[in-house]
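Counting starts at 1 for both ligands and their atoms, in listed order. Excluded from the calculations below are hydrogen atoms, water molecules and symmetry mates; all remaining heavy atoms, backbone and side chain alike, are included.
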Amino acid sequence: MSKTVHVIGAGISGLAAATRLARAGLVVHVHEAMQQAGGRCRSYFDAQTGLVIDNGNHLLLSGNHAACGYARSIGTEAGLVGPERAEFDFIDLPSAARWRLKLGGGKLPLWLFDANSRVPDTSIGDYLGLMPLLWAPTTRLIGDTIKCSGPLYDRLVAPLLLAALNVDPPEGSAGLAGAVVRETLLAGGQACRPLIARDGLSAVLVEPAVAQLAASGPGVRFGHELRGLTSSGDRVGALQFGGEDVVALGPDDAVVLAVPPRPAASLLPGLKTPQEYRAIVNAHFNYAPPPGMPALTGVIGGVVEWLFAFPNRLSVTISNGDRLVEAPREQLAAEIWGEICRIAGITANLPPWQIVRERRATFAATPAQNALRPGPVTQWRNLYLAGDWTDTGLPATIEGSVRSGNRAADLVLAAGRA
Ligand SMILES: Cc1cc2nc3c(=O)[nH]c(=O)nc-3n(C[C@H](O)[C@H](O)[C@H](O)COP(=O)(O)OP(=O)(O)OC[C@H]3O[C@@H](n4cnc5c(N)ncnc54)[C@H](O)[C@@H]3O)c2cc1C
């Protein structure tokens, strides 16, 4: 096939679509508004810490098959590293209690039957109480579906769903939460091994894809923002990048629009998109973790929710972080560092730090916002949508992004065969 596809946006969704199409032999042009690829999943040098940091710590699980497949397809699956077994260390900050959740390595959640593997102070009955999530519709609230209190909720369900949905769990969509639980906890330890791009998001998930695209075709054009689309009958006929910079599309050419909801809505007036977002706050500290520290620690009862130990830094993630977006940076850094010292068992002055607040990290995964997610097909026969905010059946995650990109690419390929 020699048809040309224009992919707009070089985030994970656009890169997944573009690399899949390029591997199928199509000529793929990627147009990225910024000077860097990766969108909300990228690394950069930060002068304040003197480190290359990620805009946000990203956690994948081994059950994220599309994301792992994408990494494999760009040759970097080995760059997603994690412990051999699906084990998660937790600390309850107020009581200083620590425990390790051991999910085993199988395809069934057999760990539920072992009191030493379960969350402390929980019984099998507590876990059975999560069952209604498995078949809940996306229109239902989590708070109306399961009990949002008690040790299991506080120590496992809330941290998991907060991280996955990026909303206060009771207000989240039960159907989206159910999809996460089905694909992870219910699929046994083999689906729950935590995976981290230890050498950085860009090195593992972005730059290799950009290089692959450059090697197989025109590649990514940076600083090339799409400003408008011109229709020609039931097709998109031209792409306007500003001024004289107009690209006319041939009769077989296609477009994958893989931009966030706001630019998508301004490029396609009338398109329904989610309107509400939630922030994620990350804090990075130039401090090498003490020997033996787990790569990931879940934190209950603190400002910190997850502590990541990278070889050269300690980093924390705080989801649903709108309350912290206006908080004074120095005060926040000091408070977070105080908690890190307690979690890591260290005593040290505040090292060089950086706080990254992504205000529109994800759309709000509530039933109302989920109902606004469009599918990949548009009123134009040669224009398809991708993005973590399109209707993937998952919350806004890398897994959802890759699936959306794969789906848009498959639709382009299917249309070419029709
Ligand atoms: C702080 C943070 C932490 C996160 N943690 C996790 C995690 O732990 N696990 C997980 O799975 N997910 C996590 N996510 C979510 C994950 O990052 C996103 O789901 C994913 O990166 C979205 O990719 P995307 O390609 O759909 O969108 P984006 O990354 O937003 O990419 C869209 C691209 O389109 C470009 N663009 C916009 N307008 C135009 C235009 N007009 N023309 C050309 N280009 C344009 C943008 O510059 C951008 O590069 C996190 C997100 C954040 C922000």
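Taking atom 39 (C) of ligand 1 as the reference point, the nearest protein heavy-atom neighbour is Val259 CG1, 3.5 Å. With respect to atom 2 (C) of ligand 1, the closest heavy atom belonging to the protein is Ile280 CD1, 3.7 Å. Atom 17 (O) of ligand 1 has as its closest protein heavy atom His58 NE2, 2.7 Å. The nearest protein atom to atom 44 (N) of ligand 1, hydrogens excluded, is given as Ala33 N, 3.1 Å; this is a heavy-atom distance. The protein non-hydrogen atom at the shortest distance from atom 15 (C) of ligand 1 is Ala396 O, 3.7 Å. Of the protein's heavy atoms, Gly11 CA, 3.4 Å lies nearest to atom 31 (O) of ligand 1. Here the heavy atom of the protein found nearest to atom 29 (O) of ligand 1 is Arg40 N, 2.8 Å. Protein heavy atom in closest approach to atom 10 (C) of ligand 1: Ile398 N, 3.5 Å.
Residue Gly387 has no N or O atom closer than 3.5 Å to an N or O atom of ligand 1. For Asp388, a nitrogen or oxygen atom sits less than 3.5 Å from a nitrogen or oxygen atom of ligand 1, counting backbone and side chain alike. Considering backbone and side-chain atoms together, Ser13 places an N or O closer than 3.5 Å to an N or O of ligand 1. Ligand 1 has an N or O atom lying under 3.5 Å from an N or O atom of Glu32, backbone or side chain. For ligand 1, the polar-atom distance check against Leu59 finds a nitrogen or oxygen pair separated by under 3.5 Å.
Remark: Arg155 is positioned above the aromatic ring of Trp99, its terminal NZ or CZ atom under 6.0 angstrom from the ring centre and at most 45 degrees off the axis.
In the vicinity of Asn282, heavy-atom distances shorter than 4.0 Å reach the ligand 1 atoms 1 (C). Atom numbering of ligand 1 starts at 1 in the shown order; those under 4.0 Å from a heavy atom of Met34 are 47 (O). Ligand 1 places these atoms under 4.0 Å from at least one heavy atom of His31: 43 (C), 44 (N). The atoms of ligand 1 that sit less than 4.0 Å from any heavy atom of Gly56 are 1 (C). In the vicinity of Gly38, heavy-atom distances shorter than 4.0 Å reach the ligand 1 atoms 29 (O). Every atom of ligand 1 with a heavy atom of Pro260 under 4.0 Å away is listed here by number and element: 30 (O), 32 (C), 34 (O), 37 (C). If you number the atoms of ligand 1 from 1 as listed, the ones under 4.0 Å from a heavy atom of Ile8 come out as 42 (N), 43 (C).
A salt bridge links Arg40 with Asp388: the distance from a Lys NZ or Arg NE/NH1/NH2 to an Asp or Glu carboxylate oxygen falls below 4.0 Å. Salt bridge Glu335/Arg329: absent, no basic N to carboxylate O contact under 4.0 Å. Between Arg403 and Glu183, at least one side-chain N (NZ, or NE/NH1/NH2) sits under 4.0 Å from a carboxylate O, which counts as a salt bridge. Here Arg359 pairs with Glu326 in a salt bridge; the nearest charged N to carboxylate O distance falls below 4.0 Å.
More than 12 heavy-atom neighbours from other residues, nucleotides or ligands sit within 6.0 angstrom of CZ on Arg98.
Residue pairs that meet the ring-ring contact (aromatic ring centres under 6.0 Å, His included) test with at least one member in residues 175-232, sequence neighbours left out, are His31-His224, His224-Phe241.
Counting heavy atoms under 4.0 Å from ligand 1, residue Ser401 touches it through the side chain alone. In Asn57, the part holding a heavy atom less than 4.0 Å from any atom of ligand 1 is the backbone.
The minimum heavy-atom distance between Pro367 and Thr139, with the atom names listed, is CB-O, 3.4 Å.
Checking each of Asp46, Asn286, Thr49 against Gln354 for a side chain to side chain donor-acceptor pair (under 3.5 Å) leaves exactly one that passes, namely Asp46.
Across the listed options Thr317, Val220, Leu226, Val356, Leu226 owns the non-hydrogen atom lying nearest to atom 40 (C) of ligand 1. Residue nearest to atom 32 (C) of ligand 1, selected from Pro263, Gly9, Gly39, Ala258: Ala258 (by heavy-atom distance).
Scored by the ring-ring contact (aromatic ring centres under 6.0 Å, His included) test, His29 finds His6 as partners (sequence neighbours excluded).
Side-chain atoms of Asn382 do not come within 3.5 Å of backbone N or O of Arg235 as any donor-acceptor pair.
Two rings, from Tyr127 and Trp111, have their centers less than 6.0 Å apart. Ring-centre distance between Tyr287 and Trp353: not below the 6.0 Å cut-off.
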Verify side chain to side chain donor-acceptor pair (under 3.5 Å) between Arg23 and Ser216, making sure each step is shown before the conclusion. CA-CA 8 Å; Arg23 279 196 304 277; Ser216 63; over 6 Å; no
